[in-house]
Amino acid sequence: MTDNAKLVLNKDQTAELPIHKATLGEPVIDIAPLANLGHFTYDPGFGLTAACASSITYIDGNKGQLLYRGYPIEQLAEKSDYLEVCYLLLEGELPNTAQKSAFIDQIKHHTLIHEQIRSFFNGFRRDAHPMAIMMGVVGALSSFYHDSLDIHNAEYRQLAAYRLIAKMPTLAAMCYKYSIGQPFMYPQNHLDYSENFLQMMFGVPSSPWQNSPTLARAIDKIFILHADHEQNASTSTVRMAGSSGANPFACIAAGIATLWGPAHGGANEAVLNMLHEIGDAKHIPQYIAKAKDKNDPFRLMGFGHRVYKNYDPRAKIMREVCHEVLAETGKGDSPLFKLAMALEKIALEDDYFIEKKLYPNVDFYSGITLSAMGIPISMFTVIFALARTVGWISHWMEMLSTGNTKIGRPRQLYLGEKQRNFVPMKKR
Ligand code: SDX
């Protein structure tokens with residue numbers, strides 16, 4: 001039984017709008033009956049629009065709560081690992097020992113990329129932004145895997161998901177190697193997922209790989225924190241692309257493109273650039289003033305969130321990981337980290353930020369952490385895209401598994417010209 005909202009447009013135009021209740025969070029008002037009233041709803045930015053029903057991730061922006069399939073991010077970051085979280089997001093339940101082992105074997109089976117893809121990199125300048133490369137090569141995967149493009153076949157959808165989760169680290173590391181002129185490293189499947197990524201990033205053919213369990217665990221936690229986040233901009237893009245029937249590799253490439261923006265996944269790169277620009281704690285007040293100045297486009301990168309109006313739970317964990325990595329890498333007295341801590345303290349005590357409920361988000365500390373691991377700033381969003389691939393593909397699979405996906409097609413409030421006749425040149 002659903003309650004109804006009653007809409008009265010004028011005395012003879014009313015509608016009963018069904019209200020659907022959620023397991024957690026806000027109920028939704030179903031506006032389908034508006035079709036009979038000749039009206040659209042208006043919600044630029046979709047801040048108040050539930051574009052779909054989903055069971056994957058829940059966020060409570062006021063409580064600062066993030067659940068993957070009901071499990072709190074704090075518990076998953078502490079007790080789980082990224083591939084187990086991938087299984088959870090894809091399948092809806094934590095795997096038992098046999099399921100986890102089989103899943104890991106599946107992923108390891110797909111870590112290699114087709115050798116032809118290596119030549120794609122030669123078309124890019126060495127200083128090309130790695131997100132531009134990732135958009136290109138991930139989209140190009142659709143030309144290599146014709147055997148898993150039938151999106152209506154559940155087995156093909158699962159195979160495409162495994163291929164993407166498995167190959168993103170390989171492709172991401174190739175972007176880095178290409179930028180520094182070092183040879184690409186092949187995945188070593190005796191290593192676990194995150195250690196394998198670090199090996200492909202920092203290993204060289206001329207000497208054996210020296211792992212750091214602390215750094216491998218740190219990057220694994222970073223992957224967990226970034227794995228999914230409900231209907232954010234890039235996930236909504238993947239769903240929209242998937243609704244047209246586009247193949248999964250093209251949909252993920254569209255997600256990568258959207259994530260690149262500094263308001264979204266590009267924020268971690270923007271935070272580091274901002275900290276370098278601020279340079280010293282004595283300059284913080286002037287940058288806080290810039291962030292508050294409506295006439296100044298500058299925003300405090302790594303602060304604020306469309307949904308979190310409390311501390312982003314991922315930021316707290318990210319700060320702890322940052323501490324661990326700085327200690328492990330001997331950069332505990334990192335001036336950048338100290339500057340970030342000073343900036344966070346000042347911002348959290350500032351009335352503007354308090355009033356507008358602007359808190360550090362996941363991007364505020366991730367960049368400093370990645371930088372301390374020797375990962376260049378331009379690679380930060382690539383790491384985000386690598387981790388978020390499982391979230392994107394889980395939403396894509398959830399949408400298509402319903403079997404009745406309709407193409408996404410929002411409408412508009414038209415404010416243009418009324419119909420008018422063509423004007424010949426001599427009369428213009
Ligand atoms: C991610 O959606 C997701 O889930 C995204 C993400 C994910 O995991 O997928 O969480 C990842 O994208 C995190 C956000 C990373 N972006 C940044 O750190 C960039 C800096 N932040 C801002 O650009 C901004 O906070 C957004 C884009 C994140 C949110 O922008 P909104 O929706 O416009 O924020 P808002 O409506 O809550 O803003 C309220 C007010 C506004 O001022 P007024 O119009 O009320 O006068 O706060 C202001 C904003 O101008 N404001 C800021 C600010 N963020 C918002 N002012 C200064 N600095 C900021 N960072």
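Throughout, numbering of the chain's residues begins at 1 and tracks the sequence.
Using a 30° and 60° split on the angle between ring planes, F353 and F303 fall in the perpendicular class, above 60°. Classification of the Y82-Y193 ring pair by plane angle, with boundaries at 30° and 60°, yields tilted. Aromatic ring pairs are classed by plane angle as parallel below 30°, tilted from 30° to 60° and perpendicular above 60°; the pair Y287 and F298 is perpendicular.
Between D81 and K100 a salt bridge is recorded (basic side-chain N to carboxylate O distance below 4.0 Å). Between D3 and K21 a salt bridge is recorded (basic side-chain N to carboxylate O distance below 4.0 Å). Contact check on R69 versus E91 returns no salt bridge, with no Lys/Arg side-chain nitrogen under 4.0 Å from an Asp/Glu carboxylate oxygen.
Counted by atom type alone, N268 and T381 present one or more donor-acceptor pairs between their side chains at under 3.5 Å. With no hydrogens or angles considered, no side-chain donor-acceptor pair links T235 and Q231 at under 3.5 Å. A side-chain donor from one of Y308 and H229 sits under 3.5 Å from a side-chain acceptor of the other. For the residue pair H264 and S234, a side-chain donor N or O sits within less than 3.5 Å of a side-chain acceptor on the partner. Judged by distance alone, the side chains of T258 and T237 do bring a donor and an acceptor atom under 3.5 Å apart.
Separation of atoms CG (D350) and CG (L358) is listed at 9.5 Å; rounding is to 0.5 Å. In this structure, the separation between CZ on R409 and OG on S243 is 11.5 Å, given to the nearest 0.5 Å. Interatomic distance, Q158 CD to N153 CG, rounded to the nearest 0.5 Å: 10.5 Å. Here the CG atom belonging to L67 is positioned 11.5 Å from the CG atom belonging to D228, to the nearest 0.5 angstrom. E344 CD to Y311 OH: the interatomic distance, rounded to the nearest 0.5 Å, is 3.5 Å.
Of the possible polar contacts, none joining the Q75 side chain to the P72 backbone as a donor-acceptor pair under 3.5 Å is found. With S244 contributing its side chain and M240 its backbone, the two residues share no donor-acceptor pair below 3.5 Å. Remark: side-chain polar atoms of S334 are paired, donor with acceptor, to backbone N or O of L336 under 3.5 angstrom. Checked by atom type and distance alone, the side chain of Y87 never pairs as donor or acceptor with a backbone atom of N96 at under 3.5 Å. At least one donor-acceptor pair under 3.5 Å links the side chain of K309 to the backbone N or O of H305. Looking at S101, its side chain never comes within 3.5 Å of a backbone N or O of A98 through a donor-acceptor pair. For N4 (side chain) and K6 (main-chain N/O), no donor-acceptor pair under 3.5 Å exists by modelled atom type. Although no hydrogens or angles enter the test, the distance criterion places a donor-acceptor pair under 3.5 Å between the side chain of S236 and the main chain of N232. Within the 3.5 Å criterion, the main-chain N or O of Y359 finds no donor-acceptor partner in the side chain of N361.
Legend: residues meeting side-chain contact (heavy atoms from CB on, under 4.5 Å) with I346, ordered by chain and number and at least two apart, are I284, I288. For the side-chain hydrogen bond (donor to acceptor under 3.5 Å, both in side chains) test, no residue two or more places apart in sequence or in another chain qualifies with S366. Under the side-chain hydrogen bond (donor to acceptor under 3.5 Å, both in side chains) criterion, E349 pairs with K345, sequence neighbours left out.
Open room surrounds OH on Y156; 12 or fewer heavy atoms of other groups in view lie less than 6.0 Å from it. By the 6.0 Å contact criterion, CZ on R420 is open, its count of non-hydrogen atoms from other residues, nucleotides or ligands being 12 or less. Counted within 6.0 Å of CD on Q13, heavy atoms from surrounding residues, nucleotides or ligands total more than 12; the atom is thus considered enclosed. By the neighbour-count criterion of 12 heavy atoms within 6.0 Å, atom CG of D12 is densely surrounded, having more than that number from other residues, nucleotides or ligands. The environment of I354 atom CD1 is dense: over 12 non-hydrogen atoms of other residues, nucleotides or ligands sit within 6.0 angstrom. When the shell of 6.0 Å around CD of E26 is examined, it contains 12 or fewer heavy atoms from other residues, nucleotides or ligands. Other residues, nucleotides and ligands contribute over 12 non-hydrogen atoms within 6.0 Å of the CD atom of Q286. Surrounding CG of L7 are more than 12 heavy atoms belonging to other residues, nucleotides or ligands, all under 6.0 Å away.
Side-chain contact check for L343 versus F364: some heavy-atom pair is nearer than 4.5 Å. Side-chain contact between F380 and S371 is present, with heavy atoms from C-beta onward closer than 4.5 Å. For the pair F40 and L34, the minimum side-chain heavy-atom distance is 4.5 Å or more. In this structure, the side chains of C175 and F121 come closer than 4.5 Å at one or more pairs of heavy atoms. R319 has its side chain within reach of M341: a pair of non-hydrogen atoms, C-beta onward, lies under 4.5 Å apart. At least one side-chain heavy atom of M201 sits less than 4.5 Å from a side-chain heavy atom of M379. For the pair T389 and F223, the minimum side-chain heavy-atom distance is 4.5 Å or more. The shortest side-chain heavy-atom distance between L171 and P169 does not fall under the 4.5 Å cut-off.
The six-membered or imidazole ring of F144 lies away from that of F249, with a centre-to-centre distance of 6.0 Å or more. No close placement of the Y145 and H114 rings is indicated, their centers lying 6.0 Å or farther apart.
S80 and V85 make their closest contact through OG-CG2, 3.7 Å (heavy atoms, listed as atom of the first residue, atom of the second, distance). Summarising the geometry of M200 relative to Y186, their closest heavy-atom pair is CG-O, 3.9 Å, with the distance given to 0.1 Å. Scanning all heavy atoms of the two residues, the minimum distance from V321 to K221 falls at CG2-CD, 3.7 Å. The minimum heavy-atom distance between P130 and V382, with the atom names listed, is CB-CG2, 3.7 Å. I151 and P248 get closest at one heavy-atom pair: CG2-CD, 4.1 Å. Across all non-hydrogen atoms, the minimal contact from V362 to M318 is O-CG, 3.8 Å.
Applying the side chain to side chain donor-acceptor pair (under 3.5 Å) test to every pair with at least one member in residues 102-112, sequence neighbours left out, gives these pairs: T111-N189. Listed by first and then second residue, the salt bridge (Lys or Arg N to Asp or Glu O under 4.0 Å) pairs involving residues 233-251 are R239-E398 (not counting sequence neighbours). Applying the ring-ring contact (aromatic ring centres under 6.0 Å, His included) test to residues at least two apart or on different chains, the pairs with a partner in residues 382-428 are H226-F384.
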ring-ring contact (aromatic ring centres under 6.0 Å, His included), that's the test. Do F103 and Y162 meet it? Break it down for me.
CA-CA 9 Å; F103 180 69; Y162 290 173; 5.5 Å; yes
Test side chain to side chain donor-acceptor pair (under 3.5 Å) on T41 and D43 and set out the steps.
CA-CA 7 Å; T41 59; D43 183 21; over 6 Å; no
Between K290 and D293, is a salt bridge (charged side-chain N to carboxylate O under 4.0 Å, His left out) present by the stated rule, with each step listed?
CA-CA 5 Å; K290 279 169 64 69; D293 178 357; over 6 Å; no
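In this structure, R126 satisfies the cation-pi test against Y178, with its NZ or CZ atom closer than 6.0 Å to the six-membered ring centre and inside 45 degrees of the ring normal.
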